[in-house]
2 protein chains.
Amino acid sequence: MTSPGAATAPAKRGRGEKSSATIYDIAKLAGVNPSTVSRALSKPGRVSAKTQKIIEDAAAELNYQVNPFARALPTGRTQTIGLIVADITNPTFFDIIRGAETTGSARDYTLVLAESAESPETEVTAARRLLSTVDGLILASPRMDDDHIRALAADKPVAVINREIRGVPCVVPDVNKGISEAVRSLAANGHEKLAYVAGPKQSWMTARRWEGVKAACEWSKLDAVRLESSKPTVDGGRQVARDVLDSGATAVITYNDLLAIGLMQELQAGGMRVPDQISIVGFDDIFGADFTTPALTTVRSPLGECGTRAVTILLDMLQGHDAPDEAVRVETELVVRGSSGRLLA
Amino acid sequence: MTSPGAATAPAKRGRGEKSSATIYDIAKLAGVNPSTVSRALSKPGRVSAKTQKIIEDAAAELNYQVNPFARALPTGRTQTIGLIVADITNPTFFDIIRGAETTGSARDYTLVLAESAESPETEVTAARRLLSTVDGLILASPRMDDDHIRALAADKPVAVINREIRGVPCVVPDVNKGISEAVRSLAANGHEKLAYVAGPKQSWMTARRWEGVKAACEWSKLDAVRLESSKPTVDGGRQVARDVLDSGATAVITYNDLLAIGLMQELQAGGMRVPDQISIVGFDDIFGADFTTPALTTVRSPLGECGTRAVTILLDMLQGHDAPDEAVRVETELVVRGSSGRLLA
DNA sequence: CAATATTTGGCAACCGGTTGACAAGAGGGG
DNA sequence: CCCCTCTTGTCAACCGGTTGCCAAATATTG
């Protein structure tokens, strides 16, 4: 309003007429120096209680809000955290996103979202771009290689979900508990041969899960066979049905729920009865896993908790705490629904 | 490096050692003035081709990246758009988020996500907070009242999805086509009485859908009755099953797919056969709608497209285009799956 | 009550770009 | 050959906070 030259600047600035109040406005109103205002509003006990009050009142009156960019410029702090997911389409990530958003905004951090479309290159680009504008970065099921991730982590706090990388804070579901529950339950129900339908080769997790299945089967004296899927989707599940039947397995554990659902649909379409003739166990307990008939038995990974934990680690690091030097493990558990059960020979 | 006083500033800055290159570094390397660098890198033909080249090479060599905050400070442009959804839990929004993210990042905009947890107050707060840091804001199914939204829109470009507000650019699925297809199909299959299970009272959409159903039923000479649900979730669907049975309707259209799924589960649990005894049609075609048995017939709203369109409108406005003065309507269509069909008396 | 320790507030530089005003240099016309 | 116009680069102010350093004000202490 009082700004000179306002007449010569023809509505160029994008911020509406009433640019919001600055610390200079407050300073004028409160009769102090701008720097004092800045201190009153950020540093805790740096100014006297009296001045503090005056300034706060003035700020309230002008209904002041800090300009995040002005603050970010000299300090580098932005109050945002970035989250990169491999594929926004994939419901697995929904819970992670939700957990991260909720936890972040509870501590006054805003979530910035990007996706890599499953491409390592896109992922690196997106990560680089984000990294410069956020205080910390979360990579959920990253597709880029370890060294890239370490390079990012050298720059700013980074937390990784669903993958374990030495030297970088990680949050990883510990699949063993859930898997051994699943395998034990299948063994108890009379199954003797089990197939594992694997996921994408680049996925760190698919290897961990297969190891877990193999180990548990050995323990329970089950036969374990590994089958490959073309892609970790419902469609991929449909396509692998033939192989499953050919394998002679009567129980199947899949890399994820989508595969399980597709597989179940295809098998049922072919006249198989689930779980009477074949038991199916998925992974993750995604949204919709209980929509099927029978509802899907699955090893639940607490993905929302992964998001929450990752954010917490990040924010702690930002406050100067050390990163946990071991990967944080969250428990998985078997959720028994209708798709697994006694084998009726 | 050459900066004086570097010794006195003891590693305070949070940005790793090698703070990235600035236009000043480029200027030095290229032997020109920083402002020339700035112009070369942003304004199109403001500098000579020769200087342009020199500067670009220098920038490449230093592997320069603009500091978004430094740019945002004087210009107000941030290259980000905000998206506020009522509930991250709700799969309806997944597609919107995906559409918005994809479209935005294709045009070099980053998506900033916030949720309102279905609370109008939280929503207003989140919107205010976001508005100051983004170039434009998308409100998906906003819960706040019209005036609040208009106030936001007065400040910066705002686009609304799933609600129509005069004077604010909106993207709204036009439910009529999908609904009339649904009702006509039900009528053709021998149904004479239809129930509409409504959603939350504050939802603008639930009213539109009920109007559409009523009108289509009149046209097709069907009896239409409206039932209320406690909440628009699977659970809410289960709870309304009793009312549906009592109503005597043989066909049901629900406010959304979650209600439809819950309703179908409950009815089937009670021994009803779908669709032989009762047909069920949902709304939105969310992820998982085809996981059920039978798969859910539903009126698809192209939610991904809504996200895309909203972003497009916003970015166009940012480039100085006018906002469309009419709400943008996207088509809905009936997706026939197994849950609707001929009534077997 | 003077001398010293501690608060508290002000000054000014800085973060890294953008942009209006201007001057030097290049090119064109009479 | 001179004057005028157009291009191109430079200067300097500015966006809105933060923070090191210093001095004034106040509190503490002998």
Side-chain angles (χ1 to χ4, degrees), chain A residues 2-15 19-28 30-55 59 62 64-79 132-133, chain B residues 2-15 19-28 30-55 59 62 64-79 132-133:
Chain A
T2 61
S3 101
T8 68
K12 292 215 68 167
R13 344 198 68 246
R15 350 184 168 178
S19 247
S20 48
T22 72
I23 56 168
Y24 296 90
D25 301 330
I26 300 181
K28 210 177 300 172
V32 297
N33 190 284
S35 58
T36 307
V37 176
S38 171
R39 287 200 252 268
L41 265 28
S42 34
K43 304 275 196 268
R46 181 62 220 281
V47 305
S48 70
K50 209 177 76 203
T51 333
Q52 179 88 26
K53 175 99 174 58
I54 299 180
I55 291 175
L62 295 176
Y64 167 79
Q65 289 188 201
V66 289
N67 178 325
F69 305 109
R71 170 172 286 172
L73 192 45
T75 61
R77 278 176 273 117
T78 67
Q79 295 287 101
S132 64
T133 71
Chain B
T2 61
S3 101
T8 67
K12 292 216 65 168
R13 344 200 65 249
R15 352 185 166 175
S19 242
S20 48
T22 72
I23 56 170
Y24 296 91
D25 301 329
I26 300 181
K28 211 177 300 172
V32 298
N33 189 285
S35 56
T36 306
V37 176
S38 172
R39 293 211 169 86
L41 265 29
S42 35
K43 302 279 193 275
R46 180 62 220 284
V47 304
S48 69
K50 210 178 76 202
T51 331
Q52 179 86 25
K53 175 98 174 58
I54 299 179
I55 291 175
L62 296 175
Y64 168 78
Q65 290 186 201
V66 290
N67 178 325
F69 305 109
R71 171 172 286 174
L73 193 45
T75 62
R77 277 177 273 117
T78 67
Q79 294 287 105
S132 64
T133 70

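Worth knowing before you read on, the calculation uses all heavy atoms, side chains too, and leaves out hydrogens, waters and symmetry mates. Please read all numbers here as calculations on a predicted model, not as lab measurements. A note on names: the letters A, B, ... follow the listed sequences, proteins ahead of strands, and every chain is numbered from 1.
- The separation between K28(A) atom NZ and dG16(D) atom C1' is 14 Å, rounded to whole Å.
- Shortest non-hydrogen contact noted between V66(A) and P68(A) is O-CD, 3.3 Å.
- F69(B) comes within contact range of no nucleotide atom at all, as no heavy-atom separation falls under 4.0 Å.
- In terms of phosphate contacts, Y64(B) brings a side-chain nitrogen or oxygen within less than 4.0 Å of OP1 or OP2 of dG17(C).
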Under 3.5 Å, which protein N or O atoms sit close to an N or O of nucleotides 7-11 of chain D? Give each pair with its distance.
from	atom 1	to	atom 2	distance (Å)
dG9(D)	OP1	S48(B)	OG	3.0
dG9(D)	OP1	T51(B)	OG1	2.0
dG9(D)	OP2	S48(B)	N	3.2
dG9(D)	N7	R46(B)	NH2	3.1
dG9(D)	O6	R46(B)	NH2	2.4
dT10(D)	OP2	N33(B)	N	2.7
dT10(D)	OP2	T36(B)	OG1	2.8
dT10(D)	O4	R39(B)	NH1	2.7
dC11(D)	OP2	N33(B)	ND2	2.8
dC11(D)	N4	S35(B)	OG	3.1

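- Taking side-chain N and O atoms only, R77(B) has a distance below 4.0 Å to OP1 or OP2 of dT19(C).
- Residues T133(A) and T78(A) form no side-chain contact, since every pair of their non-hydrogen atoms from C-beta on lies 4.5 Å or further apart.
- Look at S38(B) and you'll find a side-chain N or O under 4.0 angstrom from OP1 or OP2 of dT18(C).
- Atom CZ of R71(B) is separated from atom C1' of dG16(C) by 11 Å (rounded to the nearest Å).
- For the residue pair I54(A) and A30(A), the shortest heavy atom distance occurs at CG2-CB, 3.8 Å.
- Distance, I55(B) CD1 to dT18(C) P: 12 Å, rounded to whole Å.
- For the helix from dC1(C)-dG30(D) to dG30(C)-dC1(D), the rotation axes defined at the first and last 5 base pairs enclose an angle of 40°, given to the nearest 10°.
- Atom OG of S48(A) and atom CD1 of I55(A) lie 8.0 Å apart (nearest 0.5 Å).
- Closest approach of S132(A) and Q65(B) over heavy atoms only: OG-NE2, 4.1 Å.
- Here the CD1-CZ distance, from I23(B) to R39(B), works out to 10.5 Å after rounding to the nearest 0.5 Å.
- Note: CD (Q65(B)) to P (dG16(C)) measures 14 Å, nearest angstrom.
- Listed pair K43(A) / dT19(D) meets the phosphate criterion, a side-chain N or O lying under 4.0 Å from OP1 or OP2.
- The CG-P distance, from N67(A) to dC15(D), rounds to 12 Å in whole Å.
- Between the CG atom of D25(B) and the C1' atom of dG16(C) there is a distance of 10 Å, given to the nearest Å.
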side-chain contact (heavy atoms from CB on, under 4.5 Å) assessment of Y64(B) paired with L41(B): CA-CA 11 Å; Y64(B) 168 78; L41(B) 265 29; 3.7 Å; yes

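- With dC15(C), dT18(C), dG17(D) as the candidates, the nucleotide lying closest to the side chain of L73(A) is dC15(C).
- The minimum heavy-atom distance linking R71(A) with S42(A) is given by the pair NH2-CB, 4.3 Å.
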side-chain contact (heavy atoms from CB on, under 4.5 Å) between N67(B) and L73(A), worked out: CA-CA 9 Å; N67(B) 178 325; L73(A) 192 45; 4.1 Å; yes

